[in-house]
Q: 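Got a structure for you, written out below as structure tokens; questions coming shortly.
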Amino acid sequence: MTGRAVVKGVGHYLPARVVPNSEFEKTLDTSDEWIRSRSGIERRHFSAEGETTSDLATNAAKAALDDAGMSADQIDAIILATSTADLTFPSAATMVQARLGMTGGFAFDVQAVCAGFVYALSNANALIVSGQARRVLVIGAETFSRIMDWTDRSTCVLFGDGAGAVVLEAEEGTGTPEDRGILAVDLNSDGRYRDLLYVDGGVSTQTTGYLRMQGNQVFRHAVEKLAQTAENALEKAGLSSSDVDWIVPHQANIRIIQGTAKKMGLPMEKVVITVQDHGNTSAASIPLALSVGKQRGQIKKGDLVVTEAIGGGLAWGAVVLRW
Ligand SMILES: CC(C)(COP(=O)(O)OP(=O)(O)OC[C@H]1O[C@@H](n2cnc3c(N)ncnc32)[C@H](O)[C@@H]1OP(=O)(O)O)[C@@H](O)C(=O)NCCC(=O)NCCS
């Protein structure tokens with residue numbers, strides 16, 4: 001028998017304010033047509049003033065717990081992937097823990113930018129498989145609107161705010177790829193590429209800073225590294241691209257998503273796409289897409305799902321799981 005971390009619930013939350021591309025035409029030399037054709041993005045959500053990452057995360061967590069039919073006191077651990085925590089410390093995860101009324105267990109944040117949710121899933125899987133936790137709430141939540149330079153048209157039109165969450169629970173599997181749950185993980189980072197995507201401020205420099213990106217360079221790395229990490233994870237699971245029911249990619253850019261699917265030899269009908277409605281929500285994008293994909297009736301029990309993401313670091317990775 002093999003311990004498996006199985007998804008028991010999924011949910012998401014988006015802030016109320018929807019901002020269409022046309023909004024940026026008022027203040028920047030840009031157009032709806034340029035943004036759509038270069039990125040696939042049509043609109044995104046922005047948090048209201050005072051609405052923080054832990055607010056979004058708490059709402060997504062409640063939705064995932066409802067979907068799982070579980071209460072917060074049944075959860076052993078919360079892992080929250082974010083690069084935009086409310087405060088330097090405590091972690092946003094502990095804020096969510098308190099808001100959910102959880103007085104036991106433990107909670108912490110994971111910071112791997114857009115790859116954050118994949119890293120968090122990997123950590124949750126390790127906790128479950130090693131017996132340190134039975135039920136883990138894994139959240140991706142971001143307020144990237146807070147780190148946008150609104151005068152930089154090459155970045156501020158691409159990002160959005162939101163949160164998604166899954167509840168994982170330990171189950172005994174047979175050790176074969178037919179098991180439900182997380183089957184394999186592949187994580188990577190290469191700090192030599194830090195200048196391609198970063199925020200030019202932080203606590204230790206006593207500034208907040210804004211997101212800076214060499215978009216075309218990130219693009220070049222993305223397609224190659226994402227297809228490779230997804231294939232590595234599939235191989236570790238004893239599977240291949242032809243076994244995949246759904247790719248649930250980090251939603252940064254439709255052209256990256258298309259390029260990755262093509263490199264993997266998969267048709268776009270097997271890809272869950274939400275980038276048009278959410279923009280790039282960094283660590284929130286994959287759990288948002290999982291939740292929307294389930295709501296749409298795309299992802300069903302028993303489906304083989306591959307999530308893959310890349311972001312600042314560079315950090316990238318993939319998780320293969322059976323829903
Ligand atoms: C950002 C991105 C959409 C730009 O598309 P691109 O085809 O690479 O475009 P380039 O960066 O080469 O820029 C082409 C031109 O468009 C301009 N441009 C940039 N943003 C623009 C905007 N919002 N509106 C209009 N023009 C814009 C550039 O200034 C440049 O003009 P120039 O040729 O006069 O200098 C694309 O590179 C991308 O998506 N990269 C990956 C980014 C990403 O997903 N990052 C997150 C990973 S987690």
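We use all heavy atoms of the structure for the numbers below, so side chains are in, but hydrogens, waters and symmetry mates are not. Start at 1 and go down the list; that is how both ligands and their atoms are numbered. Numbering starts at 1 and runs along the sequence shown. It should be emphasised that the depicted structure is a prediction, and the values quoted were computed from it without experimental measurement.
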Q: Going by a strict under-4.0 Å cutoff (protein heavy atoms only), does atom 2 (C) of ligand 1 have a neighbour on the protein?
A: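 It does not: no protein heavy atom is found less than 4.0 Å away from atom 2 (C) of ligand 1.
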Q: Quick one: nearest non-hydrogen protein atom to atom 44 (O) of ligand 1, plus distance?
A: A252 CB, 3.3 Å
Q: Where is the nearest protein heavy atom to atom 36 (C) of ligand 1: which residue, which atom, and how far?
A: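 For this ligand atom, the closest protein heavy atom is R255 NH2, 4.0 Å.
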Q: Once you round to the nearest 0.5 Å, how far does CD1 of I273 lie from CD1 of I247?
A: 11.5 Å
Q: If you measure from CZ on R17 to CZ on R44, what distance do you get to the nearest 0.5 Å?
A: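 Rounded to the nearest 0.5 Å, the CZ-CZ separation comes out at 10.0 Å.
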Q: Looking only at protein heavy atoms, which one is nearest to atom 34 (O) of ligand 1, and what is the separation?
A: R153 NH2, 4.8 Å
Q: For the residue pair S54 and V96, what are the closest heavy atoms and their distance?
A: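 That would be O-CG2, 4.0 Å.
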Q: Out of F219, F159, W34, indicate the one that has the non-hydrogen atom closest to atom 4 (C) of ligand 1.
A: W34
Q: If the contact criterion is a heavy-atom separation under 4.0 Å, does T155 count as touching ligand 1?
A: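 False for this residue.
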Q: Can you confirm whether something in the protein, heavy atoms only, sits under 4.0 Å from atom 21 (C) of ligand 1?
A: yes
Q: Measuring from the heavy atoms of V113, does anything fall under 4.0 Å of ligand 1?
A: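 Flag not set, V113 not near ligand 1.
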Q: Among all protein non-hydrogen atoms, which one is nearest to atom 40 (N) of ligand 1, and what is the separation to 0.1 Å?
A: G215 O, 2.9 Å
Q: Quick check with a 6.0 Å cut-off and a 45 degree axis cone: is K301 positioned over the face of W323's six-membered ring?
A: no
Q: Could you name the option among N216, N280, N253 that has the heavy atom nearest to atom 11 (O) of ligand 1?
A: N216
Q: Should S31 be counted as touching ligand 1, given the test is an N or O pair under 3.5 Å?
A: no
Q: Quick one: does atom 24 (N) of ligand 1 have a protein heavy atom under 4.0 Å from it?
A: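 Yes; the ligand atom in question has protein heavy-atom contact below 4.0 Å.
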Q: Looking at D55 and R99, does any basic side-chain N land under 4.0 Å from a carboxylate oxygen?
A: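 Yes.
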Q: Distance check, rounded to the nearest 0.5 Å: E308 atom CD versus L234 atom CG?
A: 10.0 Å
Q: Hey, is ligand 1 close enough to M213 that some N/O pair sits below 3.5 Å?
A: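 M213 vs ligand 1: no N/O contact under 3.5 Å.
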Q: Looking only at the aromatic ring of each residue, does the gap between the centers of W150 and F46 stay below 6.0 angstrom?
A: yes
Q: Report the C-alpha separation of R322 and V305 in whole Å, then their side-chain angles, then the decisive distance to 0.1 Å, and conclude whether the side-chain contact (heavy atoms from CB on, under 4.5 Å) test is met.
A: CA-CA 6 Å; R322 194 172 295 285; V305 175; over 6 Å; no
Q: Taking atom NZ of K263 and atom OG of S241, what is their separation to the nearest 0.5 Å?
A: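 Those atoms lie 12.0 Å apart.
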Q: How far is atom 7 (O) of ligand 1 from the closest protein heavy atom, and which atom is that?
A: R38 NH1, 2.7 Å
Q: For ligand 1, indicate whether the residue L158 contacts it via side chain, backbone, both or neither (heavy-atom separation under 4.0 Å).
A: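 Near ligand 1, L158 shows its side chain, while the N, CA, C and O stay back.
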Q: Would you mind checking which non-hydrogen protein atom is closest to atom 47 (C) of ligand 1, with the distance to 0.1 Å?
A: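 Looking at atom 47 (C) of ligand 1, the protein heavy atom closest to it is V218 CG1, 3.8 Å.
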Q: Is the shortest side-chain N to carboxylate O distance from R134 to D76 below 4.0 Å?
A: no
Q: For atom 27 (C) of ligand 1, state whether the nearest protein heavy atom is under 4.0 Å away.
A: yes
